[in-house]
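One structure is given here, and the rest of the page talks about it.
Whatever order the structure lists them in is the order used to number ligands and atoms, beginning at 1.
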Amino acid sequence: MPSLTTPGAVIRFTNYRDHDRMLTILSPIYGRIDALSRGCRKPKSALMPASELFVHGEFVVYQNNDRHTLTSCTITDTFYPLRLDPYRLTCASYMAALCNAAIQPGLAAQEQYALLLRGLYYLSYDEEADALALTTAYLLLFADAIGYRPRLSRCAHCRTKLDLTFGGQMDVAAGGLCCPNCNSRITYPLTVDEIKWMSITLREGLKPTKNTEASTLFDMLRRYVESRLGMSIKVSKFLP
Ligand SMILES: [Zn+2]
């Protein structure tokens, strides 16, 4: 039976039986892998350090039909500082939960994987970075990575080119900004600066930021992404 060797990050785990744990590993090559870490909760298990949330490394997984079992892992990083800051830990857990909800087994997820690692890295090691602003940027870029980039230049309903001199109206259900003629649904008013921030973030990718202005968009983007996924994600209730 074949073994898979892949870089990956643990995005979820559930304790199983007395000593086991079911891990969900995000792989850039294979997407989501659900793998049994057998005996990892025994005191001297070699798999114990690799069977924690956010562990990043090279995983070797034994594959038998649809079942996967973790064989070994060479750890690159555990993002340990997250354990010392409950708020940052919640932000990181939300990032991981979004991956768990959106990414399917067997489908490559390079962009989502790279984005998650950057998010975990900045949350862990950049004390200057604002955690909520970072999570907000993550939401926007995650939406883009799973194929739901919000429309910012043309009306999401009628495709008219938008005049954004005085800001705009975001229609979460329609997937973007909408023009005054289509602005009959429940929309979020966005300022010129907020729209500009979204455009720049989509262009430049995830960067640590001290600017907390971005976090005013957190609630809108959470609704946007979770409505696209068709589910609400529990851990986001603890944010902002
Ligand atoms: Zn319109």
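No more than 12 heavy atoms of other residues, nucleotides or ligands lie within 6.0 Å of CZ in Arg151, so this atom counts as exposed by the packing criterion.
Note: Phe79 and Tyr125 have tilted aromatic rings, judged against thresholds of 30 and 60 degrees for the angle between ring planes.
No side-chain donor-acceptor contact under 3.5 Å links Asp34 and His68. Side-chain contact of Asp193 with Thr191: a donor-acceptor pair under 3.5 Å is absent, judged by distance alone.
Here Cys182 contributes SG and Cys155 contributes SG, and at the Zn ion (ligand 1) these two atoms make an angle of 110°, given to 10°. Rounding to 10 degrees, one finds that the Zn ion (ligand 1) sits at the corner of an angle of 110° between Cys158 SG and Cys179 SG.
Not a single N/O/S atom of Cys178, whether from backbone or side chain, sits less than 2.8 Å from the Zn ion (ligand 1).
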